[in-house]
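Before anything else, here's the structure in question.
Atoms within each ligand, like the ligands themselves, are counted from 1 in listed order.
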Amino acid sequence: MKILVIGGGGREHTLVWKLAQSPRPTKIWCAPGNAGIANETLKSNNSKVECIQIGAEDLKTLLEFAQNNEVDLTVVGPDNPLAMGIVDKFQAIGLRAWGPTQQAAQFESSKIFSQEFMDRNGVPTMKSASFQSPSEAKSFAAELGGKCAVKADGLALGKGVLICNSTDEANVAIEQIMTDRTFGEAGASVLVQELITGTEISLHALCDGKTAKLFPSSQDHKRALENDLGLNTGGMGTYSPVPFLKEDKLHEIANTVLEPWLSGCTREGIDFRGMIYPGIMLTDDGPKVLEFNARFGDPETQVYLPRLKNDLVDLLEASIDGTLNEHELQWTDQSAVCVVMASGGYPNDYEKGKVISGIEAADAISGVKVFHAGTTIKDNKIVNSGGRVLGVTALGDNLLAARNLAYKAAAMIHFDGAFSRKDIAAKAL
Ligand code: GLY
């Protein structure tokens, strides 16, 4: 079986690493991949994974590549190609691709679609409304006392959210998004959402249109700096499972959110096959959905897949074929912690091309896996090429052991300007 993975970050490295452990694939390509992905080997025949220089949003070239190379399964990592309809385009010419269709991917690509769906189907969420007019958006923000999130609708490369704590801040945010178009045309309409407080967790469920198979709990650390200070990032570190959420509580939360979501999909004819990843706030009034994502989380994937015992090829195929009810997800009892090492300055500007040392030694520690995100090869050396550079991940018999091991491994890796948060999983202990 020949597999093509689309994307080139830490999530895709983790997907490729896990797929390569299956006895089924005989060839894996990744577009565009990264330096770590290019170093993976297939268990079935010891062949190297091959990175191909096609961008994740170059759908035409990806399609031609898959056709010419008779790819049997394409696995889509990032949200943008999904929102652009990559799965529909592949399916239209008889190619198998894993991930939601363009219609189903709207849970992530259109915040307004998602919000209205939740309101119609009783999925618990915050007070919110969408606007095409800045003055109406400002009035609603004022009703919320200015404590709100202002979100650009549509694709804004994960950046179109401004958090406000006063009416003045909300007015500025609305002007920036709607009038100045700071996030481009996605700002033609905005969603203004009540800010709620509580503990944020990530849920993931693999879906096949009828069944949603719940993953264990995990928690991301979105801010750049310790104690949840600094700017929002793509995610600076994760751990799984979350010790304060026992199994029965996790299922109760999932039922509150996923049951109405899945019934709503059935009622509205949305055939969701792929990963649904709701960001959840645990509040005094119960769990509330902050947002839906329609893909694996990054860096949640880095702590999920090392714990997953099943063959990922089998699961992704079952997700496409509607046969997930024939599979039982199995997980190790171990905990996993992922510490992201980022380029100095991230999420703002940062310098690229810094030589990274120590990866091999860190990777050699039993229980450690260094997933690459923003890395490439220059003059035969691994250098940073993105904001989030590495996801240093460790398994341990408990959260403390996994955390200690991840930090021990991260301390062995060096590049100019490198930084990581020192408090990943700290609160959970
Ligand atoms: N963990 C953040 C994200 O994947 O969007």
Where ligand 1 meets Lys222 - atom numbers and elements under 4.0 angstrom, heavy-atom basis: 2 (C)
Intermediate values then yes/no, side chain to side chain contact (heavy atoms under 4.5 Å, CB included), Thr332 and Lys309: CA-CA 7 Å; Thr332 68; Lys309 291 187 189 167; 4.2 Å; yes
Short N or O distance, Arg11 and ligand 1, threshold 3.5 Å exclusive: no
Identity and separation of the nearest protein heavy atom to atom 3 (C) of ligand 1: Tyr277 OH, 3.4 Å
Pair Phe296 + Trp98: ring centers closer than 6.0 Å: yes
Polar contact flag for Asn293 and ligand 1 (N/O pairs, less than 3.5 Å): no
Enumerated ligand 1 atoms positioned under 4.0 Å from heavy atoms of Gly234: 1 (N), 2 (C)
Gln193 versus Lys127, side-chain donor and acceptor atoms under 3.5 Å: no
For Asp220, atoms of ligand 1 separated by under 4.0 Å from a heavy atom: 1 (N), 2 (C)
Salt bridge flag under 4.0 Å for residues Arg96 and Glu317: yes
Proximity to ligand 1 by part of Arg295, non-hydrogen separation under 4.0 Å: side chain
Spacing of Ile37 atom CD1 and His13 atom NE2 [to the nearest 0.5 Å]: 6.0 Å
Option among Glu116, Glu268, Glu259 that satisfies the side chain to side chain donor-acceptor pair (under 3.5 Å) test with Asn121: Glu268
Numbered atoms of ligand 1 (with element) below 4.0 Å of Gly297, judged on heavy atoms: 4 (O)
